[in-house]
Amino acid sequence: MIDKSVATALQAVADVFDGARVLVGGFGTAGMPDELIDALIEQGARDLTIISNNAGNGEHGLAALLKAGRVAKVVCSFPRQSDSHHFDALYRAGKIELELVPQGTLAARIEAAGAGLGGIYTPTGVGTPLATGKETRRIGDRDYVFELPIHADFALIKAHRADRWGNLVYRKAARNFGPIMATAARCTIAQVTQVVILGELDPEVIVTPGIYVQRVVKIDGAAGAGALGVAA
Amino acid sequence: MIDKSVATALQAVADVFDGARVLVGGFGTAGMPDELIDALIEQGARDLTIISNNAGNGEHGLAALLKAGRVAKVVCSFPRQSDSHHFDALYRAGKIELELVPQGTLAARIEAAGAGLGGIYTPTGVGTPLATGKETRRIGDRDYVFELPIHADFALIKAHRADRWGNLVYRKAARNFGPIMATAARCTIAQVTQVVILGELDPEVIVTPGIYVQRVVKIDGAAGAGALGVAA
Amino acid sequence: MKRLDRAQMAARVAQDIADGAYVNLGIGLPTLVANHLPADREIVLQSENGILGMGPAPDVDDEDPELINAGKQPVTQLPGSSFFHHGDSFAMIRGGHLDLCVLGAFQVSVTGDLANWHTGKEGAIPAVGGAMDLAVGARRIVVMMELMTGGGECKLVERCTYPLTGLACVSRVYTDLAIFDIDRNGVRVAECVEGLEFEALRRMVGFAALRDGRS
Amino acid sequence: MKRLDRAQMAARVAQDIADGAYVNLGIGLPTLVANHLPADREIVLQSENGILGMGPAPDVDDEDPELINAGKQPVTQLPGSSFFHHGDSFAMIRGGHLDLCVLGAFQVSVTGDLANWHTGKEGAIPAVGGAMDLAVGARRIVVMMELMTGGGECKLVERCTYPLTGLACVSRVYTDLAIFDIDRNGVRVAECVEGLEFEALRRMVGFAALRDGRS
């Protein structure tokens, strides 16, 4: 029988190893797997490469992971925020590496990894500093930049509901990077608000089929509670 | 106000021009836009390039379009079927061009067009006759074939429900190529079983956002009736 | 002369958006355009974090931390709206499906080059977000910005000195003083605020090739 | 010797599929495997036309023309099943997410090359479907076929003469007479039907490098 449930967030992230490449879902506070990140801080893995849209803000979540000195490199589109002071300080001190990727290219590279493609040509970034040193190619009447897939060892994401097969549905704009990150990691760990009986999720509306999810952790609390906590 | 409804299938395909590239949804009988194809036959456009998974079977739908001599070229993955005799005869007589594409590469090329990518590298087909003459490239420890996007002038697809914005939901395995073809054509025409009031489709379960759909035609009859007719 | 304030600039941009258009409004100044969309037109707003059919800001009591726009502000959803993931959202943007994108800018060049993501200053931390995807993706890219910096430098320039976001992508620039159209022949003034003479505007922008496109 | 019939071959393949495995069964002979999955294991079948969690054939009265498998036969859906479009389905296949794919074959070579889409005969109309995607995508590819053609030629060959589907992709071949494992060292016999001697099998396949891998 398939049952991907794991009792605690700490158990779910137990085998994240030093130097692992970790995709972290979320855009702003929506869809951020806060409890999984807290567990990762407690677990202690170091020298991580974090691939996420942002580089943490305030004192919680990714910002706390960075502050704890666990992150060697961040691959993201938007590290600079009004309250991203932990990233800012580490970056200015030369203690963290940054690979800046346009948001759509970040998404496309993650999708390419999940879909088994070797690379893609995107028009995004042509002629800009973010294409410097990259192969460009004229196809038809337009120039494109060659981009490689972004694979990862783990993906930490937040969804709304799951069943024991790991099928997931999301809630509103908290969907963001979750579904594509789930496809690009060898081990995808989803924190969810609710676990329902197998068959209760309509097959027409499942966004992430269970094949992409290795572990599911139910986090107690109301929908969006984690995000509300951060906003407070 | 946005209202993408068109009264009849014939009106919906009225501007398909000679030589147009037309994506046609469906896999087997599921999701085949039979009434739109019938309208296209009546409309009379010639020298069409049809991009679809199959090349028609029996006497209806694509097979009838082929039989009427309207198709110059078929791009598909699986033309040969037990009852694909119209395609077979035209192909053997040298009266129709065939571009054979692996099914996943067909899907990926259509998606690449919809997503604005200039090309992709896929591992599918490496070392086989279908990669002959195509650029191959070693990326990491694996070989890939370079494939170009498949753009089209029109897409004819079948969905289950629509609203006046052109938002679509599908039914079971009739979803198949519809959602990706909708993204890759300059004009996407969807035949649907039901048109509902704006707001009635749950934003979480819309598969094709209306931005990809230019025209919606309601076809009378029960869900799956077209397919049942063909199966009879 | 009657310099437009930000609300007036936003209203002027909104006035040009057609009924039925699919539009992305960039972070910052362009976000204001949402407050001025003509009530008799149905305009569908896209947010790159996966919303089509985004509505206005909610009452404080109705804020949902999982319903935010690309600027991470609370929004609402309209009947007909849909949610999708980031991959699908940027396929929509990059694939040329949006009719219009309104972006802010540090600089726009006379050939339509856009610089809006990075000042390039020593020690500045770069952040690009979706700006480069929007710049290459939407069918029409317009910029909304104040014409002059606080320091009195014109942001419409012969050649961008800030790092580029996209090449030859901007076709119109809405400013507090004038509206400029950019095509392969250069820059034409489409509108000027009341009391601003063409020659005075030419001196402000500082390049001779500016043409008067007003009929 | 006790040659396996098709049902027995299917049962033998099914016996090796682990609880919890995600599996695609190719068109034709492999489809039979679905009828023999052990009742005490939860095995999730994928169909490349966009179904995960496909169930067995329905009663005739319950057939739904919009619920069919890749072979276009009516199927059912199990609790936990999901639907997705062809792009997502082949991303799932190509991206290495399936644990196992069982394919039919015209020929398999001693290096694991697969030929199963085209006889290459004059006048034959080629059709590839999803075969090439499955051949490169699943984590483990096994073939299920009769060892000899009707004309008495062995389908396990030193080098495929039919057009290839994929290179070095097959790791096990289930046949009516024996099971063969293929790796970089060549071909080993893992099992033989009762009454078939290894030397007799070696003569049938016709290449000397065959090794006996039975303990």
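FYI, side chains are in, hydrogens and waters are out, and symmetry mates aren't considered; it's all heavy atoms of this structure. Residue numbers begin at 1 in each chain, while the letters A, B, ... track the order of the sequences.
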Item to complete: Could you tell me which portion of Phe146(B) (side chain, backbone, both or neither) has an atom closer than 4.5 angstrom to a non-hydrogen atom of chain A?
Response: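 Only the side chain of Phe146(B) comes within 4.5 Å of chain A.
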Item to complete: Could you tell me which portion of Arg137(B) (side chain, backbone, both or neither) has an atom closer than 4.5 angstrom to a non-hydrogen atom of chain A?
Response: side chain
Say whether, by atom type as modelled, one donor and one acceptor occur between the side chain of [X] and the main chain of [Y] under 3.5 angstrom.
{"X": "Asn176(A)", "Y": "Ala30(A)", "value": "yes"}
{"X": "Lys158(B)", "Y": "Gln191(B)", "value": "no"}
{"X": "Gln103(A)", "Y": "Ser77(A)", "value": "no"}
{"X": "Asp18(B)", "Y": "Arg46(B)", "value": "yes"}
{"X": "Asp34(B)", "Y": "His60(B)", "value": "no"}
{"X": "Arg109(A)", "Y": "Ile150(A)", "value": "no"}
{"X": "Arg161(B)", "Y": "Val192(B)", "value": "no"}

Worksheet item: By number, which residues in residues 110-127 of chain A have some heavy atom less than 4.5 Å away from chain B?
Response: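 Residues Gly116(A), Leu117(A), Gly118(A), Gly119(A), Ile120(A), Tyr121(A), Thr122(A), Pro123(A) are the ones that qualify, each having a heavy atom under 4.5 Å from chain B.
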Worksheet item: How about residues 199-206 of chain A versus chain B: which residues have heavy atoms under 4.5 Å apart?
Response: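 Glu204(A), Val205(A), listed by number.
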Worksheet entry | side-chain contact (heavy atoms from CB on, under 4.5 Å) between Asn53(B) and Phe27(B), worked out | CA-CA 6 Å; Asn53(B) 189 61; Phe27(B) 181 90; 3.3 Å; yes
Item to complete: Check the pair Leu168(B), Ile157(B) against side-chain contact (heavy atoms from CB on, under 4.5 Å), reporting the backbone distance first and the verdict last.
Response: CA-CA 11 Å; Leu168(B) 302 179; Ile157(B) 64 172; 3.8 Å; yes
Item to complete: Would you mind checking if Arg21(A) and Asp153(A) are paired as a salt bridge, meaning a charged N to carboxylate O distance below 4.0 Å?
Response: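 Salt bridge flag = no for Arg21(A) with Asp153(A).
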